[in-house]
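Quick caveat, the model's predicted, so the values are computed rather than measured. Proteins get letters first, then strands, A, B, ... in listed order; numbering begins at 1 in each. As a basis for the values below, the full set of heavy atoms in this structure was taken, side chains included, without hydrogen atoms, waters or symmetry mates.
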Amino acid sequence: MIIVVVGATATGKSDLAVQLAKKYNGEIISGDSIQVYKELNIGSAKITREEMQGIPHYFIDYCHYDEDYNVKVFQEVGRKYIEDILSRGKNVIICGGTGLYIKALLYDYVFHEEEIDENYRKLLSEKSTEQLYQMLCEIDFNATDTIHPNNRQRLIRALLMAHSGEKKSDRIAKQEHKMIYDAILIGLNAERSYLYNRINQRVDLMFEQGLVEEMQEIYKENVFQLQSMKAIGYKEFEPYYLGIQTLEEVKEHIKKNTRQLAKRQYTFFNNQFDIKYYSIQEDYRSQIEKDIEEKLHEQNK
RNA sequence: AGGGGCGUAGUACAAUGGUAGUAUAACGGUCUCCAAAACCGCUGAUGCGGGUUCGAUUCCUGCCGCCCCUG
């Protein structure tokens, strides 16, 4: 059995995942793009050893903050984890807030090995965004359906894909857009004002727990160039180190950015998955367990 | 108390005697290897009253509020 727990940040996914793992003999695969970094603990709201309560967690502390990590790795390794856990007769709990990662893992997304032509990449980086859009119109017109002309990052990505052999639109056309696993999807949700309160409190707590010190420990030359440092809770420190913002301002920015993230996460899960939502302001746990058991019953028939 | 200044969107700032802009927030959305990223859409304002004027957010004036200086 595979249970997937998703939802916006600060809805209590990690906690629920552990509860479910204990109750249903499961192990947890984290679908979070930031908690993979060993050095990022407080700011990523990473689950602690104690909170894991002895349940195995995969993809937590998976790599260092100066290493590269992406969806492809997550999908590839994640599927191995799933097989492994199931083969040992245990259940899989997937828990995380990174929508693309969860979707790539569960659906028939395909990521090929690609050889990146650095010269071509460099060539593209020198083009104007408008030129990039024109190029994509000529090379892979169908892909422009889902890429806005201003979205430089995605224009370059689609051009690189076409250059490496397979057009983005061709690849997507081959897929069935179906889930490849029979999974139970659980979404956690709350009223916006309730969630925002939780977020604000959590950020205050992060500072009490030593977020400033954690940042100081990993601070080094050009640290903010790192992909991992684009994470909320860390990137906001850059103006502080430049001497143009106070810690109080940094904290407010972290809160604001986290609220905006929560909204985007909600939008993604809500519109990309067919999920049943449970409000964390109600007695959701018993309802979830009831639904899981119903599903188990069906499967055993 | 006297003198001066300022009141424009939730916030920061523009502008004009004739349709009040920008940024940001808020709200909504896109998503196939940077996704806590990148990008898009949209709502929203001239403190209150009087006067001049065809027309006032703009000019004059009273009130209210805020700031600075002097005592």
What does B:G10 pair with, Watson-Crick or G-U, if both distances are under 3.5 Å? B:U24
What does B:A37 pair with, Watson-Crick or G-U, if both distances are under 3.5 Å? none
Hey, does the side-chain of A:H177 have a donor or acceptor N/O within less than 3.5 Å of a partner on the base of B:U32? yes
With respect to the side chain of A:Q227, which nucleotide from B:C33, B:A38, B:C34 is positioned closest? B:C34
Do A:Y234 and A:Y219 make a side-chain contact, defined as non-hydrogen atoms from C-beta onward lying under 4.5 Å apart? no
Counting only side-chain N and O atoms of A:K103, is one of them less than 4.0 Å from OP1 or OP2 of B:U32? no
Which whole-number value in Å describes the distance from A:L226 CG to B:C34 P? 16 Å
Rounded C1' spacing from B:G10 to B:G50 in Å: 31 Å
Output the single nucleotide from B:A25, B:A37, B:C33 whose closest atom is nearest the side chain of A:R157. B:C33
With the threshold set at 4.0 Å, does a side-chain nitrogen-carboxylate oxygen contact exist between A:K72 and A:E114? no
In whole Å, what separates the P atom of B:G62 from that of B:G3? 11 Å
Where the side chain of A:M161 is defined as all heavy atoms beyond and including C-beta, which of B:A38, B:C33, B:A35 is the nearest nucleotide? B:C33
Can you tell me if A:N271 touches the phosphate of B:U30, counting only side-chain N or O atoms and a distance under 4.0 Å to OP1 or OP2? yes
Go ahead and name the base partner of B:C31; Watson-Crick or wobble counts if both distances stay under 3.5 Å, otherwise write none. none
Using purine N1 to pyrimidine N3 plus N6-O4 or O6-N4 for Watson-Crick, or N1-O2 and O6-N3 for G-U wobble, each under 3.5 Å, what pairs with B:G55? none
Rounded to whole angstrom, note down the P distance from B:A26 over to B:C66. 29 Å
Please tell me whether A:N41 and A:K46 have a donor and an acceptor in their side chains that are separated by less than 3.5 angstrom. yes
Roughly how many Å apart are B:U52 and B:U58, using the C1' atom of each and rounding to a whole number? 13 Å
Under 5.5 Å and under 30°: A:Y109 stacked on B:U32: yes
Starting from P on B:A26, measure out to OH on A:Y196 and report it in whole angstrom. 6 Å
A:D68 CG to B:C33 P, in whole Å, measures 15 Å
Length of the CD1-C1' vector between A:I147 and B:U30, whole Å: 11 Å
If you assign each of A:G99 and A:R259 to its closest nucleotide in RNA chain B, which residue comes earlier from the 5' end? A:R259
Does a salt bridge link A:R285 with A:D15, judged by any charged N lying under 4.0 Å from a carboxylate O? yes
Would you say A:T146 places a side-chain N or O within less than 4.0 Å of OP1 or OP2 belonging to B:C31? no
For B:U16, which nucleotide is its Watson-Crick or G-U wobble mate, given both distances must be under 3.5 Å? none
Side-chain donor/acceptor of A:E114 to base of B:C33, under 3.5 Å: yes
Ring-face cation of A:K251 near A:F207 (centre distance under 6.0 Å, axis angle within 45°): yes
Could you state the CG-P distance from A:D145 to B:C40, rounded to the nearest angstrom? 18 Å
What integer number of Å spans the C1' atoms of B:G7 and B:G55? 24 Å
Give me the distance, rounded to whole Å, that separates B:C67 from B:U30 when you measure between the P atoms they each carry. 46 Å
Whether A:K168 contacts B:U32 is assessed here as follows: a side-chain N or O lying under 4.0 Å from the phosphate OP1 or OP2. Is that the case? yes
Go ahead and name the base partner of B:G62; Watson-Crick or wobble counts if both distances stay under 3.5 Å, otherwise write none. B:C48
Measure NE2/A:H253 against P/B:U24 and give the value in whole Å, please. 11 Å
With rounding to whole Å, what would you report as the distance between B:A56 and B:C48 at their P atoms? 15 Å
Going by atom types alone, do A:Q216 and A:Y241 pair a side-chain donor with an acceptor below 3.5 Å? yes
May I have the distance from A:E166 (atom CD) to B:C33 (atom C1'), rounded to whole angstrom? 14 Å
So if I apply the side-chain hydrogen bond (donor to acceptor under 3.5 Å, both in side chains) rule between A:T9 and each of A:R259, A:R202, A:Q265, which one comes out positive? A:R202
Give one of base, sugar-phosphate or nothing for A:F268, where a contact means two heavy atoms less than 4.0 Å apart. base
Quantified in whole Å, what is the C1' atom distance between nucleotide B:A23 and nucleotide B:G44? 14 Å
Measure from the side-chain heavy atoms of A:N150 and tell me the nearest of B:C33, B:C40, B:C31. B:C40
Atom NZ of A:K263 and atom C1' of B:A37: how far apart are they, to the nearest Å? 16 Å
Distance below 4.0 Å between A:Y69 side-chain N/O and B:C34 OP1 or OP2: no
Once you apply a heavy-atom cut-off of 4.0 Å, does A:T258 come out as touching a base, just sugar-phosphate, or nothing? nothing
Against the side chain of A:L100, the closest entry in B:C34, B:C31, B:C39 is B:C31
Nearest-neighbour nucleotide for the A:R192 side chain, B:C34, B:G28, B:C31 considered: B:G28
Can we say A:K122 and A:E118 salt-bridge, meaning some charged N sits less than 4.0 Å from an Asp/Glu carboxylate O? no
For RNA chain B, whose closest nucleotide is more 5', that of A:Q260 or that of A:Q272? A:Q260
